[in-house]
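Input: a single structure, listed below in structure tokens.
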Number of protein chains: 2
Amino acid sequence: MTMSATQAEACPIVQVIDRVAGKWSVSILIAATRAPVRYTELEREVPGISRRMLTLTLRNLERDGLLTRKVYPTVPPKVEYSATDGARELYAHLVGLTEWAQRHQPDIIAARAAYDQAQLADAETGA
Amino acid sequence: MTMSATQAEACPIVQVIDRVAGKWSVSILIAATRAPVRYTELEREVPGISRRMLTLTLRNLERDGLLTRKVYPTVPPKVEYSATDGARELYAHLVGLTEWAQRHQPDIIAARAAYDQAQLADAETGA
DNA sequence: CTGTATCCTAGTGGATACTG
DNA sequence: CAGTATCCACTAGGATACAG
């Protein structure tokens with residue numbers, strides 16, 4: 001995802017890809033689609049994410065209307081993030097992609113191995 | 001897309017996103033799905049792409065088995081890129097996302113405007 | 001025509017100290 | 001708890017000269 005505020009982009013596929021392409025967007029979306037999650041929960045459920053990126057990604061998803069942020073004015077504060085209906089709909093489409101990925105995972109691994117093997121052979125021939 | 005050779009990644013959604021998330025992957029995939037395309041044709045059909053990124057993206061898509069590269073040993077050389085069956089299947093799924101994006105485009109624009117407006121108001125209050 | 005090699009910039013993302 | 005601010009590293013990506 002381009003984190004900067006990209007202006008109107010022609011191709012709608014590119015738009016949706018941009019919205020979801022960040023390193024963390026999907027993971028956060030999945031978590032928030034299952035149930036409302038708190039900031040610290042996300043830190044745990046999305047292993048490896050930094051505070052900075054967690055906040056940044058949350059803000060972007062919220063800005064795009066994919067997540068809602070609910071603050072409980074308690075002490076200590078409690079904040080819950082939930083997926084909106086739009087996000088849930090989007091997620092349903094992403095599941096289609098998941099299935100494609102799972103079906104083709106062996107193919108892709110094989111394709112890569114074959115490609116890398118061919119490159120290696122070429123390099124040796126050249127040397 | 002992470003251009004570097006990422007090793008086995010757990011979540012299949014992330015895999016597919018990574019494969020398609022580059023700034024140019026989708027545009028190239030679309031062009032090559034319509035019909036076999038030559039290098040120079042792509043340079044024209046994908047406006048704004050640099051030679052470097054065109055080659056890089058083509059190689060990555062080829063490595064993942066989404067594109068095939070056919071070289072005609074003529075003078076001057078002729079090279080055609082075509083989408084594989086796997087890529088066509090993937091593209092079909094991407095169309096679902098397109099439709100989502102088109103349906104929700106107004107919502108997203110509105111959500112962003114509202115969010116930015118709220119931020120602006122907060123900033124003024126704070127100042 | 002179809003690339004590759006090189007140099008450069010901007011932005012993504014990581015680590016972490018600090019705060020209400 | 002839920003962030004924000006700061007500094008830093010890496011790499012995606014652009015421009016372009018050169019080559020088979």
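Convention: sequence-line order gives letters A, B, ...; per-chain numbering from 1.
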(request) Check whether any side-chain nitrogen or oxygen of A/Arg51 sits under 4.0 Å from OP1 or OP2 of C/dA17, and answer yes or no. (result) no
(request) Go through C/dT4, D/dG14, D/dA2 for me and flag the one nearest to the B/Met53 side chain. (result) D/dG14
(message) From CD of B/Glu43 over to C1' of D/dG14, roughly how many Å is that when rounded to an integer?
(response) 13 Å
(request) Starting at atom CZ of B/Arg19, determine the distance to atom P of D/dA12, rounded to an integer number of angstrom. (result) 15 Å
(request) Figure out the CG/P separation between B/Leu56 and C/dG3, and round it to whole Å. (result) 13 Å
(message) From C-beta outward on B/Lys23, which listed nucleotide comes closest to its side chain: C/dG14, D/dG13, C/dG3?
(response) D/dG13
(request) Output the distance between atom OG (B/Ser82) and atom CZ (B/Arg34), rounded to the nearest 0.5 Å. (result) 13.5 Å
(request) Could you tell me the separation between the CG atom of B/Asp18 and the P atom of D/dT11, rounded to a whole number of Å? (result) 14 Å
(message) Does B/Ile108 form a side-chain contact (heavy atoms from CB on, under 4.5 Å) with A/Arg19? I'd like the steps, not just the answer.
(response) CA-CA 10 Å; B/Ile108 289 168; A/Arg19 195 149 299 109; 3.5 Å; yes
(message) What is the separation between atom CG on A/Leu54 and atom C1' on C/dG13, rounded to the nearest whole Å?
(response) 13 Å
(request) Could you tell me whether the side chain of A/Asp107 reaches within less than 4.5 Å of the side chain of B/Asp64, counting heavy atoms only? (result) no
(request) Please report, rounded to the nearest Å, how far the C1' atom of D/dA2 is from the CG atom of A/Leu42. (result) 11 Å
(request) Find the distance A/Arg59:CZ to C/dT12:C1' and express it as a whole number of Å. (result) 18 Å
(message) Take a 6.0 Å sphere around CG of B/Asp116 and say whether it holds more than 12 heavy atoms from other residues, nucleotides or ligands.
(response) yes
(message) Measure CD1/A/Ile28 against P/C/dG13 and give the value in whole Å, please.
(response) 11 Å
(request) Using a cut-off of strictly less than 4.0 Å between a heavy atom of the residue and any atom of DNA chain C, enumerate the qualifying residues of residues 34-41 of chain B by number. (result) B/Arg38, B/Tyr39, B/Thr40
(request) Calculate, to the nearest 0.5 Å, the distance between atoms CZ and CG belonging to A/Arg63 and A/Leu61 respectively. (result) 11.5 Å
(message) For the CG atom of B/Leu66 and the OH atom of B/Tyr81, what is their distance to the nearest 0.5 Å?
(response) 14.0 Å
(request) Could you pick out which residue, A/Trp24 or B/Arg69, lies toward the 5' side of DNA chain C when each is mapped onto its nearest nucleotide? (result) B/Arg69
(message) Tell me whether the side-chain N/O atoms of A/Arg52 come closer than 4.0 Å to OP1 or OP2 in C/dT12.
(response) no
(request) Kindly indicate whether the side chain of B/Leu54, heavy atoms from C-beta on, has any atom under 4.5 Å from the side chain of B/Trp24. (result) no
(message) Quick check: on DNA chain D, is the nucleotide nearest A/Pro77 upstream (toward 5') of the one nearest A/Thr55, or the reverse? Name the residue that is more 5'.
(response) A/Pro77
(message) Please classify the nucleic acid contact of B/Tyr81 as base, sugar-phosphate, or nothing, using heavy-atom distances under 4.0 Å.
(response) sugar-phosphate
